[in-house]
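The next block holds one structure in the form of structure tokens; read it before the comments.
All values reported here derive from a predicted model rather than from experimental measurement. Throughout, protein chains are lettered first and strands after them, A, B, ... in sequence-line order, and every chain is numbered starting at 1.
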Amino acid sequence: MIGFSRVPLLAAGVFASYPGDHSILHPAGPQASNIEWLYWVIFWIVFVVYVVVVLGFMRAGARTYTSADEMLPIMKDEAGDRRASWAVGSAITITVLTLFAVLVMSEITGKKVEGETSKNPVTIQVIGHQWWWEVIYPDPQADQTVTTANEIHVPVGKRVVILTNSADVIHSFWAPSINGKRDLLPGYSSAFWLQIDQPGVYHGQCAEFCGLQHAHMGFSIVAEREDAFSQWKAQQLKPAQDPTELVTVHGRDVFLSHACVMCHTIRGTDAGSRLGPDLTHIGSRQMIAAETLPNTPGALAGWIVDPQRIKPGNRMSPNPLQPDDLQALITYLQTLK
Amino acid sequence: MDPIRERPVLDVSGLPTVMFGKANTTWLANLLYMMIEGTMFALVVASYFYLRTRSSSWPPGNLPPTLGWGITSGAIFLISLVPARYAQRVAPSGDRSKIRWGLLALAGVAVIAMVVRGFELANLNCRWNENAYASTVWALLGLHTGHLITEFIETVVILCVSFTDKMEGTRLADVAINSDYWYFVVVTAILSDFVIYGTTRFL
Amino acid sequence: MRNHVSIAMTILLLLNITACKREERQLRPDPNASQTLNTVQVSGLNPGANSISSPPPAGQYEESAYAVSQGKTLYNQYNCVGCHANGGGGIGPPLMDNNWIYGSEPGNVFATIMQGRPNGMPSFRNRIPEYQAWEIAAYVRSMSGLLPKDVAPSRSDQLYVKPAEQSMPYQAPAGVTGEPEEKK
Amino acid sequence: MAISEPVVVSQSGAADRLARTWAQPRGFWGWFQNVHHTAIGVRFMVTSFIFFLLGGVLAAMMRWQLVRPEHNAIGPDLYNQLFTVHGSTMIFLFAVPMMFQGFGVYVVPHMCGTRNIAFPRLNAFSYYIYVVGALLLWVGLFLKTGADAGWFAYVPLSGPEFTPGKRSDFWAQMITFTEVSALGVAICITTTILRYRAPGMTLNRMPILLWEKLVTSIMVIFAMPSVMVVSSMLLMDRTINTQFFNPSVGGDVLLYQHLFWFFGHPEVYIIFLPATAIVSTVVAVFARRHIFGYVPIVTSVVATGFLGFSVWVHHMFATGLPQMSASFFTAASLMIVIPTAVQFYCWMATIWHGRLQLKLPMLWIFGFFFVFLIGGLSGVMLASVPLDWQVHDTFFVVAHFHYVLIGGALFPMFGGMYFWIPKITGRMMNDRLGKIHFWLFFVGFNLTFFTMHFLGLHGMPRRVYTYTPEMRWGALNLLATIGVVFMTAGILVFIANFFQSKATGRFAGPNPWGAGSLEWATPSPPPHYNFLELPTVNGREALWEAEPNQPIVGGVREDIPEVLVTNTLDSEPEYRDELPGPSIWPFLTAIAVSIAFIWSIFSPWGIAYGAIPVVITLIGWLWPRGHSPSPRVPEPALEARWIR
């Protein structure tokens with residue numbers, strides 16, 4: 001049956017340009033390509049081993065197969081056993097050498113992926129919440145710190161260090177085309193770096209089971225040129241400018257007078273609660289609800305009125321608004337570029 | 001039934017029906033139980049030291065536990081080795097009165113040990129719900145107290161059996177094995193006391 | 001062997017009547033429960049047509065461990081901790097004792113949250129949907145042990161300040177109004 | 001005790017005297033008093049197979065929910081319960097009870113040539129505890145209290161704050177039940193193998209299956225306490241406010257993972273070693289020759305036993321552990337491949353220099369060779385840290401452990417069932433139906449789980465109840481769900497085959513396959529006293545190398561349930577031990593222990609008050625009864641030498 005949750009998707013018309021690749025085999029950064037190289041090397045070793053062993057068993061079986069049904073006498077083959085012990089001995093040595101080779105290759109790749117620390121990387125703090133990602137660009141001065149959610153902008157070709165932490169349960173930050181996954185553990189803060197060479201939008205998803213909406217806990221990494229990144233960052237630092245037209249003023253009043261203000265922040269207005277994602281620049285994000293819905297008026301409306309239909313169990317409560325309030329709110333949120 | 005035919009026979013009818021010490025199968029089962037419970041003790045102690053690496057001050061925020069009850073409890077467990085060894089030595093002879101005295105002494109010392117353990121728990125430096133340190137200390141002592149109580153009950157049961165006419169054959173071997181298990185309880189007691197009272201002071 | 005299986009099946013069915021409501025996960029509240037307009041009725045008098053919807057049975061929230069634990073999370077997130085601390089009271093009155101100024105019934109606690117009270121309790125009308133207010137009310141009642149043990153929440157992963165509501169002894173409410181309320 | 005000269009052995013009265021001594025009570029209450037290892041072994045196998053079918057139903061429901069993107073068939077709450085109870089059922093309620101307890105309890109005493117398992121009442125108690133633990137988890141699922149934090153239930157999600165209600169408590173207590181059961185059976189099997197072997201079955205003449213059960217039992221004894229400690233810690237955190245895993249007050253979430261996986265990896269070897277035991281036994285029988293490389297196989301089994309405890313951190317590579325420890329565990333995880341490789345080569349050499357009769361059990365063993373090999377080799381890929389960073393917790397890992405568990409345990413299990421069911425029921429299974437079952441299951445299995453490798457490589461994480469259409473995973477998931485249909489059909493054919501052959505199958509006779517181990521010396525189905533004449537052994541394959549008039553053991557009393565106890569190294573007869581007879585007390589103790597455990601979920605005083613009935617029933621169980629065998633005081637042990 002067509003569930004109500006499908007309506008915003010269909011209403012959004014053509015699917016918005018969905019973030020780019022999400023596969024281990026299409027790397028977009030040095031680390032993922034190192035790991036992909038290791039994958040293919042080990043894959044071919046494993047493939048050859050599999051074929052050889054399967055042929056060995058088929059040959060052994062075919063060579064001595066008898067369709068006789070009765071109980072055959074127990075046989076002894078001393079000469080055969082002596083030859084076989086040499087064969088088995090050499091097979092074991094080959095296995096040990098192959099495994100040693102795999103160990104060495106994986107250590108080398110591990111070093112390359114771990115990589116050496118660089119001078120002044122872009123530092124991003126990612127804090128896992130139950131079912132969305134809080135992204136902070138820390139800066140010694142408080143007013144230079146950018147707080148956003150689910151969408152991470154990084155400069156192309158530059159080294160980015162991700163500091164991980166979790167506010168509740170264990171999550172796992174994983175963008176397959178960029179680098180391996182790193183768990184976000186409450187009580188631990190670990191750092192790992194990544195680098196993206198081709199500009200584009202790369203999808204990631206939580207990889208450690210974290211409760212009801214683990215399936216809809218995605219994020220995306222937008223890799224852009226240096227100047228576009230700094231321009232985006234400057235824009236993010238600015239508070240939301242005051243609305244001018246009648247409808248956006250009405251939209252802001254709806255926002256400030258309903259349950260939204262209990263959880264969300266819009267810098268430049270009185271709403272300052274840090275429970276939910278920071279909505280100061282929601283308009284500039286490509287997707288909403290942790291990469292579950294495209295950021296279109298229809299999807300936004302469907303999400304605000306009944307988020308439990310789309311992501312049952314998440315922390316946002318349904319908001320049965322009057323239609324004109326809802327439209328004004330949507331218009332206002334779209335202006336927060 | 002195949003026809004009656006002559007077969008060489010290994011006649012074992014002359015073998016005894018009771019063995020003492022290592023040859024007894026119950027002794028082997030007792031050893032396996034000790035390996036299981038020993039692993040559980042080792043893992044709780046390992047968790048204690050693992051959590052110790054995770055916090056800056058140890059014990060976090062409280063003083064180390066007072067030595068008084070710890071030393072008393074350790075001493076009583078060492079004393080309890082005497083009746084246990086005595087009961088084990090007289091068991092093969094089958095002399096019921098000696099066995100009864102041995103078991104009675106062992107049960108008495110066990111009661112004292114439980115009472116001292118009660119005081120020890122009451123005077124610990126923390127309650128189990130304060131922090132991770134307190135939880136592991138109480139887990140370690142609780143695990144040992146559980147073994148102390150089950151071993152006490154086992155000793156009392158064998159004591160009751162020794163008053164009936166069933167106290168012979170494999171039951172005598174059970175007395176000896178019960179003392180083996182008591183040695184295990186004493187060893188784990190000393191180990192737990194050292195971990196709880198020692199590490200916060202000397203290590 | 002067959003009658004053993006039949007015996008086992010009957011035991012299974014008997015067990016079925018036990019508290020499965022405790023584990024009910026009401027993920028999607030029904031729409032009218034998400035109304036933020038204050039619709040509770042404290043006194044029998046009300047002007048005009050009786051458009052106020054009757055409050056949903058409190059039991060729906062007090063029997064579901066999920067709802068009470070949501071209430072506990074919301075109690076911390078909506079900053080009730082700011083004034084009531086963890087139940088010991090501060091600017092606001094303590095909530096974990098048996099002294100109930102405005103009555104200990106779920107409906108009274110709901111009205112306190114939605115309408116606010118003099119001496120500083122703000123009205124969360126239009127700010128909190130009703131079902132969340134019911135959940136917070138259920139949690140507040142569990143602070144003084146009014147909820148059954150297996151529904152009340154256990155400890156949280158924060159600093160340890162007091163035993164969890166699940167280990168709180170039952171305290172018969174003796175409100176300022178004086179008459180103790182019998183245990184549910 | 002020299003061998004007496006050949007003497008006329010009167011057979012007539014022995015059979016019915018033994019039958020009377022070893023008889024097990026019948027009727028409704030008699031069922032609960034039965035302590036014979038054949039009854040308990042069959043019960044373990046049947047009960048765990050029923051839970052295998054139930055777990056399979058859950059898997060089918062999960063596959064139906066994932067058949068297409070944004071499929072609203074099953075909501076997230078129910079789906080989380082489905083995959084958790086599926087995982088827990090398959091590992092704790094099916095794999096270990098079937099492979100270790102089921103086959104172990106049934107086959108080991110037969111293979112050792114003795115009349116019952118050591119400590120038969122502890123064995124019966126273990127079965128009842130296992131059944132109650134299984135019912136606890138499944139009654140929970142029917143009451144919406146099914147565990148929902150995954151089969152390894154990482155804290156803090158399964159902890160007190162993020163799983164309200166009693167879901168994780170039911171799961172944690174189920175763990176305690178199944179581990180108490182596994183430990184009990186481990187003690188019984190270890191004592192039986194070490195002390196109840198037939199005279200002449202020295203250590204280097206023991207069948208490989210006994211070696212593997214011995215190593216598995218020792219692994220159980222060292223691994224299970226770890227999960228009992230961690231599940232008790234989780235339970236205490238949830239009920240009496242202990243702070244083991246609370247990060248704010250010194251607790252640590254990784255402590256849970258370390259303690260769980262220190263048990264977790266030996267657990268999968270506890271499932272895998274009994275499987276290789278079946279493979280080694282079946283390959284020798286159907287290659288019509290002694291197994292090639294007896295000593296290398298036994299050495300690699302013991303090596304697997306040790307290495308199994310040194311690799312657990314490869315489940316935690318993604319938690320950001322320091323590079324140094326990660327590379328140590330990579331090396332250990334790669335090293336553990338060697339013993340299994342040695343066994344594979346020895347099996348290949350056995351077939352190469354044998355004469356292969358591809359009967360039904362052997363068909364399944366070939367299935368094992370092809371399927372488990374893919375799982376083992378994808379395991380090599382997972383052992384390397386950088387690759388594990390990419391594929392950990394994705395469908396690639398799901399594919400890996402299904403290939404290793406279904407390939408490594410289920411294929412040998414079906415091979416073992418087709419091999420031993422003629423001994424258990426006395427009737428041969430139908431060959432044609434067996435082949436249909438094999439090919440249906442083989443095709444369905446590969447269809448479902450090989451596609452999951454690609455899903456994992458395309459970034460589909462584990463345990464997601466749905467996915468958005470843009471991720472382009474829909475086609476592969478549809479293919480995977482189709483495979484489930486074939487597997488289900490295969491299992492139904494097997495069940496039909498079992499019941500049809502039980503009723504109308506060909507009579508099997510004592511040794512239908514011409515196998516060499518001692519259990520084929522008993523009639524099938526074997527009577528409660530197993531062997532009319534206790535056998536002696538003078539070779540690795542007892543029946544193949546038995547002399548025409550192989551000596552038998554005489555002098556064991558037939559009026560009381562007595563067995564011969566031999567010493568461990570060269571199985572010299574040492575003494576005769578009387579085994580406890582049937583009794584209701586193990587069942588009552590199991591009920592008392594269950595009440596105490598379940599009560600402790602709802603109130604911490606449950607353990608204290610619940611312990612009183614446990615003590616009473618234990619006294620009832622252990623109180624000495626009946627006549628004591630030797631009225632006189634025992635003289636020092638006679639020095640019994642087995643003179644050849």
Segment of D/Phe317 engaging chain A (4.5 angstrom heavy-atom cut-off)
neither

Which atoms form the tightest heavy-atom contact between A/Phe209 and D/Asp148, and what is the distance?
CE2-O, 3.4 Å

Of the backbone (N, CA, C, O) and the side chain (C-beta and beyond), which part of D/Ala331 lies under 4.5 Å from a heavy atom of chain A, both, or neither?
both

Between A/Asp168 and chain D, which part of the residue has a heavy atom less than 4.5 Å away: side chain, backbone, both or neither?
both

The single option from A/Glu208, A/His171, A/Gln130 that satisfies side chain to side chain contact (heavy atoms under 4.5 Å, CB included) with D/Leu157 is A/Gln130

One option among D/Gly459, D/Gly159, D/Gly514 has the most heavy-atom pairs under 4.5 Å with chain A, and it is D/Gly459

dist D/Gln390:CD -> A/Ile35:CD1 (nearest 0.5 Å) comes out at 4.5 Å

Closest non-hydrogen atoms of D/Pro461 and A/His214, given as atom of the first, atom of the second and distance, are CB-NE2, 4.4 Å

Among the options D/Glu161, D/Met348, D/Arg289, pick out the one with the most heavy-atom pairs lying under 4.5 Å from chain A.
D/Met348

Where on A/Phe100 is there a heavy atom nearer than 4.5 Å to chain D: the side chain, the backbone, both, or neither?
neither

Identify the two heavy atoms, one from D/Pro386 and one from A/Thr109, that lie closest to each other, and give their separation to 0.1 Å.
CG-CB, 4.0 Å

Structural part of A/Ser85 lying under 4.5 Å from a heavy atom of chain D:
both

When every non-hydrogen atom of D/Leu334 is compared with those of A/Leu99, the smallest separation belongs to O-CD1, 3.4 Å

When the 4.5 angstrom heavy-atom criterion is applied to A/Ala32 and chain D, the contacting part is both

Contacting moiety of D/Val155, where chain A heavy atoms sit under 4.5 Å
backbone

So for A/Ala87, is it side chain, backbone, both, or neither that comes closer than 4.5 Å to the heavy atoms of chain D?
neither

Contacting region of D/Tyr467 [heavy-atom separation from chain A under 4.5 Å]
neither

Do the rings of D/Phe369 and A/Phe57 sit parallel, tilted or perpendicular, given the 30° and 60° boundaries?
parallel

May I ask you to name which of D/Arg463, D/Arg355, D/Met362 has the most heavy-atom pairs under 4.5 Å with chain A?
D/Arg355

Under 4.5 Å from any heavy atom of chain A, what part of D/Phe162 do you find: side chain, backbone, both or neither?
side chain

Based on non-hydrogen pairs under 4.5 Å, which of D/Gly150, D/Ala349, D/Ala149, D/Pro296 is most in contact with chain A?
D/Ala149

For A/Glu70, which atoms come within 4.5 Å of any heavy atom of chain D: side chain, backbone, both, or neither?
backbone

